[in-house]
Amino acid sequence: MKIGVLAIQGDFIEHIAILTKLGVNSQQVRLPEQLEDLDGLIIPGGESTTLSRLMSMYHLREPVAQMAQQHKPVWGTCAGMIMMAHEITEEDPIPLQLMDIGVQRNAFGRQIDSFEQDLEIVRFNTPPFHAIFIRAPVIIRVGDEVQVLADLPDGRPVAVQQGNLLATSFHPELTNDTRFHKYFLDLAATQTAGPD
Ligand code: GLN
C-alpha cells in the first residue's frame, strides 16, 4: 500500500512521520503524475488560500477529484478539510467540492484560535481522542450521505465521513494517537481489496 500526502504546503511531514511509524509507504505529492498508483491521499493542514492557489497552479485539482471519484480514500485535516468541502462561507479559497459539507474557516475567533479538546469518536473505542485545533474550521452543513464521527460539546461537527472521504477540523498528525491514521488506512485497504 502507498499513501500520498499533498506536499505543496502545510504540515505534510507530520503525516508522513505517522505513516512511517505505522509501516506504510508514503509519497510526497507535488505533481499530478505523483498521484498515480496511490491507494489514498491526505491533504494536510496549513493555509487553505495558499493550498487552493498552488493546487490550481500545479494542475492538481482534477486528478485529486478523479481519485475521490474512483473511491480511493481522501482525507483532509484542517485546511485540508476546507479543501474537501462543497462550499465555504467565503469566496476564497476555492474548495475541491469532494464532500457534501459546508465549512466555515477560522470558526473559533482570535482569542481562542488554538485549543485542545477530548472528543468521543463514534467509530473508536475509549479513550477519547485528544484533538488539537489550530485556527480551525468548523462544519456548518452536513449532507444526507455524510456521517458525523465526532462533534464538539456544543454539537458542532468536527470529524465527518462520506464513504471513502474523511475530513477533520483538527490535527491527528500532531498527536501520538494513531487511531485516525489507522482508520484511514483501513478504508484504503478495503478499497484495494475491492468489493466482496
Ligand atoms: N486557518 C487555516 C485556513 O483557513 C487552517 C489552519 C490549519 O490548517 N491549521 O486555511
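Remember, it's 1-based here, ligands and their atoms both numbered in the order they're listed. Excluded from the calculations below are hydrogen atoms, water molecules and symmetry mates; all remaining heavy atoms, backbone and side chain alike, are included. One-based numbering along the sequence shown.
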**Study point:** Between CZ on residue Phe180 and OG1 on residue Thr168, distance to nearest 0.5 Å
**Key:** 6.0 Å

Practice item. Answer with yes or no whether the side chains of Ser48 and Arg105 bring together a donor and an acceptor at under 3.5 Å. Key: yes

Exercise for review: Would you please indicate if the ring centroids of Phe115 and Phe170 are separated by under 6.0 Å?
Suggested key: no

Revision key, fill the gap. To atom 5 (C) of ligand 1, the nearest of Gly10, Gly45, Gly46 on a heavy-atom basis is Gly46

Exercise for review: State whether a side-chain donor-acceptor pair under 3.5 Å links Ser26 with His15.
Suggested key: no

Study note, to complete from the structure: Between Leu166 and the options Leu149, Val160, Ile42, the side-chain contact (heavy atoms from CB on, under 4.5 Å) test singles out Leu149

Check your understanding: When Arg30 is tested against each of Glu33, Gln27, Gln28 for side chain to side chain donor-acceptor pair (under 3.5 Å), which residue passes?
Key -> Gln28

Check your understanding: Between Arg135 and ligand 1, does any nitrogen or oxygen pair lie at a separation below 3.5 Å?
Key -> yes

Point to revise | Side-chain donor or acceptor of Ser169 paired with backbone N/O of Pro137 under 3.5 Å | key: yes

Point to revise | Sub-3.5 Å N/O-N/O distance, Ala79 and ligand 1 | key: yes

Point to revise | Nearest candidate to atom 4 (O) of ligand 1, where distance is taken over non-hydrogen atoms, out of Arg105, Glu90, Glu47 | key: Arg105

**Study point:** ligand 1 to His171 polar contact by distance, N or O atoms, under 3.5 Å
**Key:** yes

Review point. Hey, which atoms in ligand 1 end up nearer than 4.0 Å to a heavy atom of Ser48?
Key: 3 (C), 4 (O), 10 (O)

Review point. Nearest to atom 1 (N) of ligand 1 by heavy atom, Asn106, Ile132, Ile134, Leu51: which?
Key: Asn106

Practice item. Starting from atom 7 (C) of ligand 1, locate the nearest protein heavy atom and write down its residue, its atom name and how far away it is, to 0.1 Å. Key: Cys78 SG, 2.8 Å

Point to revise | Where ligand 1 meets Ile82 - atom numbers and elements under 4.0 angstrom, heavy-atom basis | key: 3 (C), 4 (O), 10 (O)

